[in-house]
2 protein chains.
Amino acid sequence: MSESRTRRRGKDLLDAIYTAAIAEAAESGPGRLTMDAIAKRAATARTTLYRRWSDPVDLLLDALAERHPREQPAPGADDLRGDLIAALRLMVDWGFSPAGRAVLAILADPARDPAVVQALWERVFDRHGGTFTQTVLRHYADRGALDPARLTPVVLDIGEAMVTKRIMDTGEAPDDDYLAAIVDQAILPAAGLPPQRI
Amino acid sequence: MSESRTRRRGKDLLDAIYTAAIAEAAESGPGRLTMDAIAKRAATARTTLYRRWSDPVDLLLDALAERHPREQPAPGADDLRGDLIAALRLMVDWGFSPAGRAVLAILADPARDPAVVQALWERVFDRHGGTFTQTVLRHYADRGALDPARLTPVVLDIGEAMVTKRIMDTGEAPDDDYLAAIVDQAILPAAGLPPQRI
DNA sequence: AGTTTTAGCTACAGTCGTGTATCTTATCGT
DNA sequence: ACGATAAGATACACGACTGTAGCTAAAACT
């Protein structure tokens with residue numbers, strides 16, 4: 001009838017659906033995520049969605065898995081501090097992408113289904129290969145620049161924890177000064193190095 | 001008609017409504033919070049709620065403000081490490097109360113209204129008087145046990161950030177060993193003290 | 001005791017999302 | 001060019017929640 005002349009199919013359509021699902025989740029939160037809204041935003045029919053997924057969260061997980069950031073922090077020559085800041089910057093950028101917002105909301109959802117969280121780790125994070133600052137810290141520990149014994153799970157998580165909390169508190173992306181402060185005042189001292197500029 | 005013989009009023013009724021609202025928010029998340037569910041759980045009529053509040057979040061904010069934890073960490077004699085762990089324990093307990101879960105969900109809600117967050121800070125946190133570890137760290141800095149210059153906003157926030165992230169990651173309350181690890185491996189080094197047991 | 005206040009009940013129209021069924025037809029594979 | 005596949009449109013009954021209105025009667029105040 002009033003159908004547009006072209007009809008999307010396969011990858012094109014999937015892309016549109018994934019984008020719509022992540023955008024909806026990022027705006028409304030997983031709690032308010034509906035098949036209806038995803039379908040409308042993707043300009044497709046609800047029936048098309050039901051042919052593949054049984055509920056909105058199932059769909060969202062597929063979307064997040066397909067769109068997980070593959071970018072890895074690439075530790076440079078010999079600049080631990082700079083590399084750590086860069087890794088946190090990567091994390092902030094991701095955290096403020098629609099996908100990052102959606103993931104944060106899923107993790108903080110009090111009604112979260114453990115199975116969903118587990119699926120999130122298996123399909124998104126684990127494949128992503130370690131956290132952001134972790135990659136950098138391990139790299140420099142391997143080269144002898146810092147004591148591997150200091151890289152406990154707690155220490156490896158400091159950067160991510162500080163950034164996450166800051167985002168939740170302010171709702172805004174921390175600027176480079178704040179990221180530098182996290183590195184100088186929290187991560188480096190915990191890693192056994194003298195704090196830089198206080 | 002089939003109305004129960006007694007009819008609650010004033011504070012009794014308010015208490016039931018607040019409890020119901022926080023419980024609902026903790027279970028369903030603020031996104032799925034409805035007047036209907038609160039009314040049903042409080043065993044009152046929806047009309048009664050509409051007489052006082054115009055929407056569920058408005059109601060929830062009143063409930064959280066009324067129920068905010070007044071318990072303060074009381075720094076003891078001369079045990080910085082122990083007092084920090086105790087402060088984090090207080091925070092974990094609060095974070096796992098229905099109110100804490102509701103607050104976390106509000107802060108992580110991608111659809112969060114800045115006005116709601118601001119109201120939350122003004123009506124709940126600010127009145128609470130500082131964060132958990134902050135009280136302890138300031139106390140020992142005042143007594144000269146550690147360098148006040150090291151107590152930057154970043155350092156004062158490490159404990160809360162680590163606990164928050166841990167709760168989001170695992171969905172469970174960190175045990176005392178983990179809290180001790182946070183204190184020993186993250187907070188104390190950042191505060192300029194040698195890490196205790198690694 | 002009489003009056004005011006307000007909790008509790010019922011009903012209503014309206015909106016939104018669900019899950020399923022049915023039909024048409026664009027697109028793809030061969 | 002033809003047949004298989006699947007996208008797109010529409011319709012439907014159902015349930016949940018909304019916001020308002022009107023009524024009854026319990027609790028509180030005088």
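The chains referred to below are lettered A, B, ... by the order of the sequence lines, with proteins before strands, and numbering in each begins at 1.
Between the side chain of A:R9 and the base of C:dT27, a donor-acceptor pair under 3.5 Å is found. Contact of A:T34 with C:dC16 (side chain to base): no donor-acceptor pair of N or O atoms is detected under 3.5 Å. Between the base of D:dG19 and the side chain of B:R46 there is a donor-acceptor pair shorter than 3.5 Å. Applying the 3.5 Å distance criterion, the base of D:dA7 shares a donor-acceptor pair with the side chain of A:R51.
The interatomic distance linking B:R7 (CZ) with D:dT24 (C1') rounds to 8 Å, in whole Å. To the nearest angstrom, P of D:dA16 lies 17 Å from CG of B:L33. Computed from coordinates, the A:D36 CG to D:dG15 P distance equals 19 Å when rounded to whole Å. Put simply, CH2 on B:W53 is 13 Å from P on C:dT6, counting in whole angstrom units. Going from atom OH of A:Y50 over to atom P of D:dT10 covers 18 Å, rounded to whole Å. Between A:K40 atom NZ and C:dT15 atom P the separation is 13 Å, expressed in whole Å. In this entry the distance linking CD1 of A:I17 with C1' of D:dA7 reads 10 Å, nearest Å. In this entry the distance linking CD1 of B:I38 with C1' of D:dA16 reads 15 Å, nearest Å.
For B:T6, whose side chain is taken as the heavy atoms from C-beta onward, the closest listed nucleotide among C:dA21, D:dA27, C:dT18 is D:dA27.
Taking CZ of B:R101 as the start and CD1 of B:I167 as the end, the distance is 8.0 Å to the nearest 0.5 Å. Rounding to the nearest 0.5 Å places CG of A:L33 at 11.0 Å from CD of A:E27.
B:R8 comes within 4.0 angstrom of sugar-phosphate atoms only, judged by non-hydrogen atoms across all strands, and of no base. Among the heavy atoms of the strands lying under 4.0 Å from B:T44 are primed sugar atoms or P, OP1, OP2 only; no base atom is included. Nucleic acid contact for A:R52: sugar-phosphate only, since backbone atoms but no base atoms lie under 4.0 Å from a heavy atom of the residue.
Residues B:P56 and A:L13 both approach DNA chain D. Their nearest nucleotides, taken by heavy-atom distance, put A:L13 toward the 5′ side. Two residues, B:G10 and A:R32, neighbour DNA chain C, and the one matched to the more 5' nucleotide by heavy-atom proximity is B:G10.
Listed here is the closest heavy atom pair of B:A180 and B:R81: CB-NH2, 3.7 Å. The two atoms that bring A:G159 and A:I182 nearest to each other are CA-CG2, 4.3 Å, heavy atoms only. The shortest non-hydrogen separation linking B:S28 to A:D109 is O-OD1, 4.2 Å.
In this model, no donor atom of one side chain and acceptor atom of the other lie less than 3.5 Å apart for A:Y140 and A:D78. Between B:R67 and B:S97, the side chains place no donor N or O within less than 3.5 Å of an acceptor N or O (distance only, hydrogens not considered).
Stretches of at least 3 consecutive Watson-Crick or G-U wobble pairs, with each checked distance under 3.5 Å, appear in DNA chain D as C:1-30 with D:1-30.
With contacts defined as side-chain heavy-atom distances shorter than 4.5 Å, the pair A:L188/A:L84 qualifies.
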